[in-house]
Amino acid sequence: MGPTSAQNHHNGLGRRDLIKRSAALGLIAVPTMGFLSACASGSGDSDDEKVDKGKKSEENPLAVNESAGMEFVLFNGGFGDEYAKDAVKEYEKKFPKAKVKFRSTTEITPELQPRFNSGSPPDLIDNSGAKQMDMGVLASKKQLADLTPMLDAPSIDDPAKKVRDTLRPGIVEMGQLDGDPVLIMYYAYTVYGVWYSKKLLNSLDAEYPQTWDDMLAVCAKAKKKGIAPWTYAGKHPYYLPFSLYPMIAKVGGREVLDSIDNLEPNAWKHPAVKTCFEAYYELYKKGYILKGTPGLDHIQSQTAWTEGKALFLPNGSWVENEAAKTMPDDFDLAVSAPSGIDDSDKMPFGTMWAAGGEPFIVPSKAKNPDGGMEQLRIMLSEASSKNFTGKVKSLTAYNGGTDGIELTPGLKSAVAALETAGENVVNPRMQDWYVALQKEKIGVGGLGEMMAGRLTPVEAIKKIQKYADDTAKDDSIKKYKHR
């Protein structure tokens, strides 16, 4: 959420800056509001600059102008940009007269916000990372094109099938923020959970724990051997929900997460939330968190983990690719659904979070929106999907694309975890619907402070509930609900 999207790969703040930032969280919304106002007043002149449509045919169902240029900006995070460059080559092969302007960046909002404000955005954007643009703001200001024409177009591999019929369950619905229009195409399919080295866990003569008592027992074993049981991206503590949110669903039922997403009054005061917060806080109280973790960014925490300094790490399936440089060949990467509390949990062990990641958008004021959608159609082919999976060790929204590919340990484990989960897959939408609330407030201001020992679970819940209530009362923020 991916990062996010789900994936969020970035430079973070030092501990002192983090404390200052947390104290000033009431000001966080100001830049976002500035963006909202700017989007609302963005120039509409770009409509006059749209390229002419091309000739519609079986080979060109979106009527792309075959000689028009197309601009594609990609978030350069854990998946890198090689897979997108390969897809661009396929576009240029199909339209040899068209010139594609491609670039990758981690500075999505700083670089693209002015482009939206002036009414001249690129044709296709991977709107991901820490500096992603707020999707809710873009949608509420009609800045996103409806991707339905692309989804209803024939798929690259089988013209008898629409693109939408080749995608994993739930992907289309994720892109529907308000009604039927599909405004976002989540390209990656991310498995979130608790990641670990099977080799290291086996060295402790232990199995992955299914209950919290068992988790604490494994942690005690690890600590006794000089291994920190847990670490996480301390500077970006909104990684913690990758395992904490599905744990809350396991304990209290998926409806608890739905009520949180829906900004319902007292949603954060549900007993399951308190139970899970107390469980995680116990990791801090017992000294089961790697020393210095609150000051580590995602790369530093992952590196400490791959070096065997810590056992468990909450993360998404991009971690196998992102941490590849420091991961030993015999690391034997694995992922598991979060441990629950005990047999009284509402959902079975195996309940996990898996969802689309890497949100791609076509701006409504793009000069060549047809070209942007055609690039997406190419990326959603079996060949492009296999290329992505083979190169970055993660699944795509395309429902398949693994035949003939030797799965890496982490990817193989992720597929197995999905099979174990079956229907018990949850998809909290907070990180898609309310970016600032999820990252800066729930993440940094709430969970980050609690796991650093500066808030108790009760204090953290009270603070987060107020953040949620303030968002619910803010009429300038578009609201969404599970349907």
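What you are looking at is a predicted structure, and each value in this text was computed from that prediction instead of being measured.
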>> If you apply the rule side chain to side chain donor-acceptor pair (under 3.5 Å), what do you find for Thr231 with Thr293, and how did you get there?
In response: CA-CA 6 Å; Thr231 190; Thr293 286; 2.9 Å; yes
Sub-4.5 Å side-chain heavy-atom contact between [X] and [Y]:
X      : Y      : result
Leu74  : Arg103 : no
Val194 : Val335 : no
Ile171 : Tyr189 : yes
Gln465 : Lys269 : yes
Met352 : Val191 : yes
Asn427 : Trp353 : yes
Pro363 : Ile125 : yes
Leu183 : Ile361 : no

Counting N and O atoms only, with roles assigned by atom type, does the side chain of [X] sit under 3.5 Å from a partner on the main chain of [Y], one being a donor and the other an acceptor?
X      : Y      : value
Ser339 : Pro209 : yes
Ser243 : Pro338 : no
Ser385 : Leu380 : no
Asn127 : Met133 : yes
Lys479 : Ile477 : yes
Arg115 : Ser120 : yes
Asp297 : Gln300 : yes
Glu459 : Thr456 : yes
Asn262 : His482 : yes
Asp214 : Gln210 : no

>> I'd like to know whether Glu322 forms a salt bridge (charged side-chain N to carboxylate O under 4.0 Å, His left out) with Lys393, so could you lay out the CA-CA distance, the side-chain angles of the two residues, the decisive distance to 0.1 Å, and finally the verdict.
In response: CA-CA 10 Å; Glu322 191 171 59; Lys393 309 177 185 72; over 6 Å; no
Any ion pair linking [Y] and [X] (charged N to carboxylate O, less than 4.0 Å)?
X      : Y      : answer
Asp432 : Arg429 : yes
Arg454 : Glu449 : yes
Lys199 : Asp332 : no
Lys481 : Glu264 : no
Lys274 : Glu278 : yes

Please report the closest heavy-atom contact between [X] and [Y], naming both atoms and the distance.
X      : Y      : result
Gly340 : Asp345 : CA-OD2, 3.3 Å
Ala421 : Gly350 : CB-O, 3.3 Å
Gln132 : Pro359 : NE2-CG, 4.3 Å
Val251 : Ala272 : CG1-CB, 3.9 Å
Pro181 : Asp146 : CA-OD1, 3.6 Å
Gly410 : Glu320 : N-OE2, 3.0 Å

Nearest 0.5 Å please: distance from the [atom1] atom of [X] over to the [atom2] atom of [Y].
X      : Y      : atom1 : atom2 : value
Lys365 : Leu144 : NZ    : CG    : 10.5 Å
Lys412 : Leu333 : NZ    : CG    : 13.0 Å
Phe75  : Ser104 : CZ    : OG    : 10.0 Å
Gln438 : Ile260 : CD    : CD1   : 10.0 Å
Lys463 : Met450 : NZ    : CE    : 12.5 Å
Ser394 : Asn321 : OG    : CG    : 8.5 Å

>> Before you tell me yes or no, could you show the steps for Leu313 and Gln302 under side-chain contact (heavy atoms from CB on, under 4.5 Å), namely the whole-Å CA-CA distance, both residues' side-chain angles and the distance that decides it to 0.1 Å?
In response: CA-CA 8 Å; Leu313 177 84; Gln302 288 167 190; 3.9 Å; yes
> Going through the distances and angles, do Lys466 and Asp470 end up as a salt bridge (charged side-chain N to carboxylate O under 4.0 Å, His left out)?
Replying inline: CA-CA 6 Å; Lys466 186 178 186 306; Asp470 289 346; 3.0 Å; yes
>> Run the ring-ring contact (aromatic ring centres under 6.0 Å, His included) test against Tyr280 and tell me which residues pass, sequence neighbours left out.
In response: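 Trp212, Trp230.
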> Should the pair Phe79 and Trp318 be assigned to parallel (<30°), tilted (30 to 60°) or perpendicular (>60°) ring geometry?
Replying inline: perpendicular
> Would you call the rings of Tyr434 and Tyr480 parallel, tilted or perpendicular if under 30° counts as parallel and over 60° as perpendicular?
Replying inline: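 Tyr434 and Tyr480: tilted rings.
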Between side-chain atoms of residues 216-223 and protein atoms elsewhere (two or more places apart, or another chain), which donor-acceptor pairs fall under 3.5 Å?
from   : atom 1 : to     : atom 2 : distance (Å)
Lys221 : NZ     : Leu204 : O      : 3.4
Lys221 : NZ     : Asp205 : O      : 3.1
Lys223 : NZ     : Lys286 : O      : 3.1

> Centroid-to-centroid, Tyr192 to Tyr245, below 6.0 Å?
Replying inline: no
> Do Phe331 and Trp195 have ring centroids that are under 6.0 Å from one another?
Replying inline: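 Between Phe331 and Trp195, which both carry aromatic rings, the centre distance is not below 6.0 Å.
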> Quick one: which of Tyr288, Tyr208, Trp305, Phe242 gives a ring pair (Phe, Tyr, Trp, His ring centres under 6.0 Å) with Phe312?
Replying inline: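 Single pass found, and it is Tyr208.
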>> Please evaluate residues Leu411 and Thr408 with respect to the criterion side-chain contact (heavy atoms from CB on, under 4.5 Å), reporting the C-alpha separation (whole Å), side-chain torsions for both, the decisive distance (0.1 Å), and the verdict.
In response: CA-CA 5 Å; Leu411 186 54; Thr408 54; 3.4 Å; yes
>> I'd like to check the side-chain contact (heavy atoms from CB on, under 4.5 Å) partners of Ser203; sequence neighbours left out, ordered by chain and number.
In response: Leu200
> Does the side-chain contact (heavy atoms from CB on, under 4.5 Å) test come out yes or no for Val444 and Lys439, once each step is laid out?
Replying inline: CA-CA 6 Å; Val444 175; Lys439 290 184 176 179; over 6 Å; no
> Within a radius of less than 6.0 Å around CD of Glu207, do more than 12 heavy atoms belonging to other residues, nucleotides or ligands occur?
Replying inline: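 Incorrect, the count does not exceed 12.
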